[in-house]
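Everything numeric in this text was worked out from a predicted model, so none of it was measured.
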Amino acid sequence: MPCEIITLQLGQCGNQIGFEFWKKLCLEHGVNPEGQLESFAKEGVDRKDVFFYQADDEHYIPRAVLLDLEPRVINTILTSRYSKLYNPENVYLSQDGGGAGNNWAAGYGRGTGLHEEIFDIIDREAEGSDSLEGFVLCHSIAGGTGSGLGSYLLEKLTDRFPKKLIQTYSVFPNQDEISDVVVQPYNSLLTLRRLTQSADCVVVLDNTALNRIAVDRLHIENPSFAQINSLVSTIMSVSTATLRYPSYMNNDLIGLISPLIPTPRLHFLMTGYTPLSSEQEATSIRKTTVLDVMRRLLQPKNMMVSTAHDRNAQQRYISILNIIQGEVDPGQVHKSLQRIRERKLANFITWSPASIQVALSRKSPYIQTPHRVSGLMLANHTNISSVLLQ
Amino acid sequence: MSSRRVVFPSVPMSYSSLHKSFTVNSTFVNGNRRSVTGGGLQSFAILDNSSFIERELVRDLLFIFQGIDGKFIRQKKDKSYEILAEASAPIRELALKLCELGHCYNKIKLFKEKPSAGTIIQSFKHGLDLELHEYYRILADIKSQIQESTFDTPLAEESKSREDITLIKLGICITDVRSRLEILACVVEACSPEISTTPVHQKYGGELCSSIHLYTEHGDPVIKSLAVSLLTTVTKPLYLMLGHWILYGELEDPCNEFFIASDKDCRKEDLWHSKYHIRGKMLPSFISMKQAEIILATGKNINFLRDICNNSTGYEGRAEIKKTIEETPVECLFMENDKLLSNAIQKAYRTTSDMVLKVLIQDSRLIDHLNALKKYLLLGQGDFIQYLLELLQKELAKPVPKLYQHNLSAILESAIRATNAQFEDDDILRRLDTRILYGSEKETGWDVFCLDYKANGPIGTVLTEDVIVKYNQLFNTLWRTKRIEAILCALWKNQTTLFKYQRSIMPEIGPVLHQVQLLIQELIHFVHQTQYYIMFEATECAWDSLMVNVNKATDLDEVIKAHEEFLSTIMSRSLLDIGKRELLNQLRAIFGTVHKLNDFLTAFDERVTAEVISRRNLKNQINETVAQKNFFSEYVTQAKAEVEQLHTVSQDLVYRFLIVLNGQQDSDSITLQCLSFRLDFNEYYAQRDARLSFPLTYLSRRLSFTSVNSPLYQSIHTSMNLSHSAVESNGLPVSFLRQQPIQEN
């Protein structure tokens with residue numbers, strides 16, 4: 001089976017969002033927490049083997065590697081009902097359990113020591129797949145393990161698998177709160193450098209924006225980590241939807257990101273998702289059409305990256321990919337595109353042809369959502385520089 | 001009589017001809033009279049008694065009425081009548097007029113005696129027989145009256161005192177029957193070339209019915225009823241055939257008289273499309289074309305169920321319809337006031353159509369097969385297609401003679417097993433196969449490879465061989481596009497890795513890479529947008545309407561039509577129809593640049609890798625000569641120039657493609673506008689090429705609002721002219737209309 005993707009979860013944050021991500025995937029594919037396929041999920045419309053492989057007894061095991069230098073989060077995972085899902089050999093905990101202490105250097109330095117053991121796991125996973133497409137790395141850039149060990153891994157992966165793609169879901173720290181970790185800016189900076197150099201595609205998950213969205217759009221007073229993580233997992237699952245539910249196009253990672261990234265350096269993507277709804281609030285369901293979804297996706301308030309809201313600035317989109325899920329009338333797509341162009345809702349770069357790409361994807365048949373149409377936007381926007389500047 | 005002439009065009013013709021034949025020769029030679037008339041009339045020889053002559057003429061006329069020559073009246077070879085007795089002009093005139101009946105009778109008789117095949121013509125003759133019986137009866141009646149008068153008064157002198165049957169009286173007696181016979185003669189004349197004076201061909205079958213049907217709308221109630229009763233007789237065999245066709249789908253028509261014909265040599269697969277057809281000539285005028293089509297469809301449905309689906313149980317309600325058909329009088333066929341028969345036909349049509357649709361859609365799962373075609377032949381199943389492409393890469397690079405079907409099929413198998421296609425229904429997978437189109441030896445596998453779908457059984461009626469060939473063509477085109485996408489993706493990936501590489505080891509190739517990346521990006525954008533266009537505007541939209549139409553369809557023909565529409569929409573929107581040849585060629589040319597780029601980059605990669613290796617070796621010795629260094633930097637400059645040139649060429653091609661696209665002026669130009677709109681969403685191309693700022697359709701729209709002299713029009717006009725002439729003169733768009741792309745980053 002082509003195009004397998006191995007997920008690496010690093011550090012506290014990475015493991016948390018990874019955990020949510022797998023929960024979501026399991027739900028979408030009808031895999032129960034023990035890895036068994038639910039009885040209702042017998043149709044073959046989805047490709048489970050991109051993210052899962054099957055053990056001898058036919059139960060599904062995620063292609064995931066869990067790494068942390070301190071046992072807290074992973075232990076939570078291992079004691080949850082999803083504990084049997086993961087391959088225990090793929091869980092690596094540092095022996096001394098001390099963690100990286102929010103220190104990039106500590107994380108990076110520990111990497112050298114753990115190199116052998118970690119790459120044993122990764123190699124084994126890579127060999128277990130027919131044609132590995134790439135790696136997905138979940139981590140935060142501010143902490144210790146995620147940033148430090150993550151940076152180390154990024155570098156080494158590039159060396160080891162030069163032909164494989166590396167996509168990262170990187171959580172950027174919250175700017176509105178003053179962190180208790182003084183070295184956070186330094187951690188971020190050092191990690192960013194590795195991200196720029198070694199990763200092929202970075203999906204920026206800005207905690208600032210996520211918090212803002214949780215507060216503004218979902219009306220949650222003090223958003224908890226779990227709530228924000230569920231937002232993140234939604235983004236992750238939808239952005240991989242075209243890989244898992246094959247259709248005309250964008251069936252592999254490269255097909256997904258190659259039209260988004262014109263030159264290798266411009267690989268920081270931001271995301272937007274609509275409609276957002278929380279479990280508590282079922283009343284805010286709106287009528288959704290393709291146009292509505294596509295229009296809302298272009299609104300800055302739905303963006304999961306907090307950028308400087310300066311409309312006059314010469315900030316433009318380099319490329320946009322909208323992944324629309326649900327019942328879509330294909331004739332509407334063109335109308336929406338036309339409307340957006342007429343009203344100039346999206347400013348594009350002028351030095352190269354660019355346009356909004358729309359990919360239609362199936363929704364998981366096993367999850368009921370209140371909205372008919374939902375959409376995710378992956379955008380390459382020049383504005384991302386403002387986040388990087390911070 | 002004159003009023004009748006007005007109503008029927010054929011009547012005056014025959015009348016005038018009759019008249020002519022009566023008036024041409026009314027002279028006779030007196031001396032011959034005796035020899036012809038014989039000795040029986042000796043006693044009257046001296047008497048030139050007009051009443052006597054008249055009586056003789058009446059007697060003769062009765063013979064003439066039966067087609068036998070009389071004593072004084074006989075028919076000449078040119079079919080005109082002559083009177084061989086001396087009589088006054090009025091009597092002669094009168095007698096000759098009455099001869100007309102004999103003429104009519106002769107015609108009918110001639111027609112009747114002529115051998116002819118066909119059940120309808122036989123029944124027509126039978127109808128004529130019935131009429132003639134009546135005619136004979138009347139003649140016998142008259143005869144007996146005459147005889148009565150002669151027997152009662154053996155003496156001729158006495159008879160004068162009695163009431164004679166005069167010519168006038170005879171005329172009155174036969175008025176009724178004469179008009180009937182005239183009409184019959186007209187019909188007969190219209191049907192048979194031997195009898196007619198005007199050139200007509202032999203009519204039979206439904207055609208005959210039509211010509212009789214004409215008279216059923218006659219204003220004269222007598223003639224009308226005559227025509228109706230005649231038609232009732234005539235259409236009896238037609239009615240039986242019709243019943244048999246509708247009930248059992250069988251044609252019992254040895255003489256090709258029915259208005260539905262079958263082609264005996266037709267292959268089973270073509271049963272629906274070409275086995276049965278309507279014989280327009282045989283279609284009676286009282287059955288409309290629409291009705292005939294319904295009748296045709298009904299029988300076709302029955303045959304389809306029996307021959308293709310092996311379901312010969314007969315349809316629901318057949319007994320009921322049979323009863324209706326048996327009970328309904330034949331007149332229902334042509335009398336419009338009775339809906340009983342047409343309702344029965346309608347019902348048979350509905351029932352059988354529903355059965356056929358049920359067989360097709362539920363039992364043979366037509367929708368599933370269509371979906372499979374969309375998934376596999378129109379590349380809907382992306383993961384499968386992508387994997388297949390990857391596996392076939394090596395095989396398809398070979399020239400055509402080295403391609404082997406079994407290799408391709410084996411690869412197809414493994415692609416199916418490895419992807420989600422494995423979950424597909426076995427029946428569908430069994431039908432999926434590879435196919436090598438006909439190609440010359442120079443072509444490679446890419447040009448001739450396509451997937452095939454074996455559509456036999458009931459679905460073969462919708463998915464005929466022609467249809468599958470169209471699918472094959474579509475597949476080949478889409479497949480090429482997919483291949484270009486795959487090449488570009490691979491290039492992009494290589495670039496990404498090379499970029500990481502370059503930064504640390506070889507900074508001087510940076511500018512080349514940057515240029516290459518921009519070009520790749522443009523091409524990726526182009527190919528992706530083209531594919532999105534094909535997916536949304538072509539396939540998905542057409543698919544939506546196909547589903548709507550199929551669900552709405554009430555019979556198989558509608559399903560077939562909907563599917564044909566679906567295909568032709570996709571073909572036309574995928575630039576595959578004839579009018580868009582130019583566009584397709586442009587598209588191919590753009591794809592050609594991708595291949596060039598690919599070749600170039602392969603060479604470039606090799607060169608760079610070689611350089612890296614040699615540098616690594618030289619690092620230890622640190623004596624790389626200046627010449628060597630210069631050599632490589634020269635190569636890099638040269639490569640940069642090459643990439644730039646490729647870039648210009650490809651951009652030119654895209655410009656031209658867009659211009660042609662905007663110039664398309666047919667029914668589909670709206671959807672083609674979608675493509676150009678997608679390709680140039682941020683007006684990148686439009687800003688660089690003045691010609692694209694004024695798409696032709698907008699231009700023509702504007703022209704209707706602005707007067708010809710307005711400055712706007714003139715400026716547009718000149719710019720159009722300019723660019724046009726520039727293209728004409730050197731084959732390439734003028735570069736001054738375009739600025740160089742500004743590189744901002």
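- Remark: A/L165 CG to B/W492 CH2 distance equals 6.0 Å, nearest 0.5 Å.
- The candidate from A/V358, A/I340, A/V333 with the greatest count of non-hydrogen atom pairs under 4.5 Å with chain B is A/V358.
- The NZ atom of B/K493 lies 5.5 Å from the NZ atom of A/K164; values are rounded to the nearest 0.5 Å.
- In this structure, the separation between NZ on A/K163 and CG on B/N494 is 4.5 Å, given to the nearest 0.5 Å.
- Contacts of A/L243 with chain B are absent, with no heavy-atom separation under 4.5 Å from either backbone or side chain.
- In this structure, CG on A/L321 lies 5.0 Å from OH on B/Y532, to the nearest 0.5 angstrom.
- Neither the backbone nor the side chain of A/S319 comes within less than 4.5 Å of any heavy atom in chain B.
- For the atom pair OG1 of A/T242 and CG of B/D383, the computed distance is 11.5 Å after rounding to the nearest 0.5 Å.
- Neither the backbone nor the side chain of A/L256 comes within less than 4.5 Å of any heavy atom of chain B.
- By the 4.5 Å heavy-atom criterion applied to side chains, B/Q521 and A/I261 are not counted as neighbours.
- Heavy atoms closer than 4.5 Å to chain A are found in both the backbone and the side chain of B/H528.
- Comparing A/P259, A/P162, A/G255 by how many heavy-atom pairs each has under 4.5 Å with chain B, the most go to A/P259.
- Interface check for chain A: of the options B/V527, B/L478, B/T539, the most heavy-atom pairs under 4.5 Å are formed by B/T539.
- Only the side chain of B/Q529 comes within contact range of chain A, with heavy atoms under 4.5 Å apart.
- Of the atoms belonging to B/E540, heavy atoms from both backbone and side chain fall under 4.5 Å from chain A.
- Side-chain contact between A/P264 and B/Q517 is present, with at least one heavy-atom pair separated by less than 4.5 Å.
- Among the candidates B/L488, B/I520, B/L378, B/I385, the residue making the largest number of heavy-atom pairs closer than 4.5 Å to chain A is B/L378.
- How far CD1 of A/I254 is from CD of B/E485: 10.0 Å, rounded to the nearest 0.5 Å.
- Counting heavy-atom pairs closer than 4.5 Å to chain A, the top-ranked of the candidates B/A490, B/A486, B/G380, B/C541 is B/G380.
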